[in-house]
Amino acid sequence: MYVRKVYTLVFLREDSRLLLGLKKRGFGINKWNGFGGKLEPEETVIDAAARELKEECCINAKASDLKHIGNLEFTFEGESTLMDVKVFTSKIFNGEPQETDEMRPRWFNIDALPFEEMWPDDRIWFPYMLNSKLFFAQFHYKGFDSILKYNIVELHSV
Ligand code: 6OG
């Protein structure tokens, strides 16, 4: 039995560019990723997604403008936690991304994403997100670099 913990992960899109942030501390340090984190007590997933986006790169997005595009589940060999990550995208937001204590934001062209410096699972599910396909994926890791097994499916609603 796993202990499920819910996380958010938000990606902003502007034309052919995607906003990523270089994680400066904690889990996933030195990797480019979207913006997100754990829910606070009593908080809804969508409110947490908007709050984490604001805290990590100073961008305001209305919860209603965040589109839930997929779910990711991560387990790690020998660990009892299941990370349940709710992925959102948005094209509608306010402000210029700012560096914070947690993240260094940067726009990347979607044809030149820095997969070498991202979580290995991203190569597998990013094509779904970038093509606006809803998805559900599960990844079982050994350590933080190697995926022992995975499963990904396209959904009709999340
Ligand atoms: P904090 O610890 O900063 O939340 N996350 C992952 N994202 C990707 N793309 N791949 C993974 O593979 C991930 N594991 C966790 C979820 C951690 C943030 O990192 C995401 C959260 O947005 C294992 O509070």
Side-chain angles (χ1 to χ4, degrees), residues 3-63 65-130 135 137-147 150:
V3 179
R4 182 177 290 264
K5 292 199 179 144
V6 179
Y7 292 78
T8 63
L9 187 59
V10 178
F11 294 87
L12 298 181
R13 181 91 182 250
E14 195 176 70
D15 303 320
S16 59
R17 298 191 309 166
L18 193 72
L19 186 69
L20 299 178
L22 186 67
K23 189 92 188 285
K24 292 165 65 176
R25 64 180 187 204
F27 193 75
I29 188 168
N30 293 333
K31 287 183 168 66
W32 293 98
N33 203 349
F35 303 88
K38 294 183 204 69
L39 271 62
E40 287 181 352
E42 311 296 314
E43 193 177 34
T44 64
V45 173
I46 196 124
D47 286 345
R51 175 184 52 75
E52 288 279 350
L53 181 68
K54 167 94 176 167
E55 283 176 9
E56 294 188 348
C57 72
C58 308
I59 291 275
N60 286 302
K62 279 197 278 174
D65 287 329
L66 297 176
K67 190 170 156 217
H68 187 190
I69 184 104
N71 288 340
L72 299 166
E73 290 184 353
F74 299 111
T75 49
F76 298 86
E77 195 75 358
E79 300 277 335
S80 59
T81 301
L82 182 154
M83 298 180 79
D84 180 356
V85 181
K86 314 291 188 190
V87 185
F88 296 86
T89 57
S90 184
K91 291 182 175 172
I92 306 168
F93 51 87
N94 275 311
E96 279 296 312
Q98 306 287 331
E99 182 166 348
T100 61
D101 287 350
E102 188 145 347
M103 287 290 214
R104 183 180 310 148
R106 188 166 134 194
W107 289 103
F108 288 89
N109 196 288
I110 55 169
D111 297 329
L113 293 169
F115 284 114
E116 291 300 320
E117 300 165 71
M118 293 164 69
W119 283 103
D121 54 276
D122 293 357
R123 282 183 197 273
I124 296 163
W125 61 266
F126 261 51
Y128 288 74
M129 174 173 76
L130 296 174
F135 61 89
Q138 296 166 301
F139 296 92
H140 186 65
Y141 270 80
K142 186 176 174 64
F144 296 133
D145 295 323
S146 111
I147 296 170
Y150 76 91

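Throughout, residue positions are numbered sequentially from 1 according to the sequence presented.
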So Glu102 and Arg25, salt bridge (Lys or Arg N to Asp or Glu O under 4.0 Å) or not? Walk me through it. CA-CA 6 Å; Glu102 188 145 347; Arg25 64 180 187 204; 3.2 Å; yes
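- Considering only residues two or more places apart in sequence or on other chains, Tyr150 meets the ring pair (Phe, Tyr, Trp, His ring centres under 6.0 Å) condition with Phe139.
- Considering all non-hydrogen atoms of both residues, Ile46 and Leu66 come closest at CD1-O, 3.9 Å.
- Side chains of Tyr128 and Ile69 form no contact here, defined as non-hydrogen atoms less than 4.5 Å apart.
- Residues Phe76 and Gly143 come closest through the heavy atom pair CD2-O, 3.5 Å.
- Using a 4.0 Å cut-off between a side-chain N of Lys or Arg and a carboxylate O of Asp or Glu, Glu14 and Lys91 do not qualify as a salt bridge.
- To the nearest 0.5 Å, atom CD of residue Glu42 and atom CD of residue Glu40 are 11.0 Å apart.
- The distance from atom CG of Leu20 to atom CE of Met103, rounded to the nearest 0.5 Å, is 8.5 Å.
- Arg13 approaches Trp107 most closely through the heavy-atom pair C-CZ3, 4.3 Å.
- The number of heavy-atom neighbours closer than 6.0 Å to CD of Glu96, taken from other residues, nucleotides and ligands shown, is 12 or below.
- Residue pairs meeting the side chain to side chain donor-acceptor pair (under 3.5 Å) criterion with at least one partner in residues 65-74, sequence neighbours excluded, are Arg4-Glu73, His68-Asn71, Glu73-Gln138.
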Assess whether ring-ring contact (aromatic ring centres under 6.0 Å, His included) is satisfied between Phe108 and Trp32, documenting all intermediate values. CA-CA 10 Å; Phe108 288 89; Trp32 293 98; 4.9 Å; yes
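- The backbone N or O of Glu56 sits less than 3.5 Å from a side-chain atom of Thr100, completing a donor-acceptor pair.
- Between Asp121 and Arg123 there is no salt bridge, since no side-chain N of the basic residue sits under 4.0 Å from a carboxylate O of the acidic one.
- Considering only heavy atoms from C-beta on, Asn33 comes within 4.5 Å of Trp119 through its side chain.
- When every heavy atom of Phe144 is checked against every heavy atom of Pro120, the shortest pair comes out as O-CD, 4.1 Å.
- Ser146 meets the side-chain contact (heavy atoms from CB on, under 4.5 Å) test with Lys142, Leu148; sequence neighbours excluded.
- With rounding to the nearest 0.5 Å, the separation of CG in Leu19 from CD1 in Ile59 is 6.5 Å.
- Summarising the local packing, NZ of Lys24 is surrounded by more than 12 heavy atoms from other residues, nucleotides or ligands at distances under 6.0 Å.
- Phe35 and Cys57 get closest at one heavy-atom pair: CE2-CB, 3.6 Å.
- A salt bridge does not link Glu52 with Lys38: every distance from a Lys NZ or Arg NE/NH1/NH2 to an Asp or Glu carboxylate oxygen is 4.0 Å or more.
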Applying side-chain contact (heavy atoms from CB on, under 4.5 Å) to Glu77 and His140, what does each step give before you reach the verdict? CA-CA 7 Å; Glu77 195 75 358; His140 186 65; 2.4 Å; yes
Could you go step by step and tell me if Phe126 and Phe115 meet the ring-ring contact (aromatic ring centres under 6.0 Å, His included) rule? CA-CA 10 Å; Phe126 261 51; Phe115 284 114; 5.6 Å; yes
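- Ion pairing of Arg51 with Glu43 is present here, as a side-chain N (NZ or NE/NH1/NH2) and a carboxylate O approach within less than 4.0 Å.
- How far CG of Asp84 is from OG1 of Thr8: 11.0 Å, rounded to the nearest 0.5 Å.
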